[in-house]
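Below: the structure, in structure tokens.
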Amino acid sequence: MAIKSVSIRIEEEMLQKLGFVADYEGRSVNSHILVLIRENIRGFEQAHGEIDGSMNPAKNVKPTRKN
């Protein structure tokens, strides 16, 4: 599976709050965003059926950071 990079525009306050939540969950901001995306895909598929593709949203989740 190829890993792609995506750039987003985000307000500074929102990024700081996202960083706070990610840190609370023991994740980096990047890993937290991936978790949110996977949860969104999983919810969509539960409501509308599986999206064609070989990626399983429940897989490839990085473990939380050890403090």
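- Between Arg42 and Glu39 there is a side-chain heavy-atom pair separated by less than 4.5 Å.
- The two residues Gly19 and Val29 make their nearest non-hydrogen contact at CA-CG2, 3.6 Å.
- Between the side chain of Glu45 and the main chain of Ile51, a donor-acceptor pair closer than 3.5 Å is present.
- One hydrophobic cluster holds both Ile10 and Leu36 under the rule that ILVMFWY side chains link at heavy-atom gaps under 4.5 Å.
- Taking CD of Gln16 as the reference point, atom CD of Glu11 lies at 11.0 Å (rounded to 0.5 Å).
- Heavy-atom minimum distance, Ala22 versus Ser28: CB-O, 3.7 Å.
- Atom CD1 of Ile8 sits about 9.0 Å away from atom CE of Met14, to the nearest 0.5 Å.
- Note on ring orientation: taking the six-membered ring where Trp is involved, the planes of Tyr24 and Phe20 are parallel (angle under 30°, cut-offs 30° and 60°).
- Using a 4.5 Å cut-off on side-chain heavy atoms (C-beta onward), Leu18 and Ile33 make contact.
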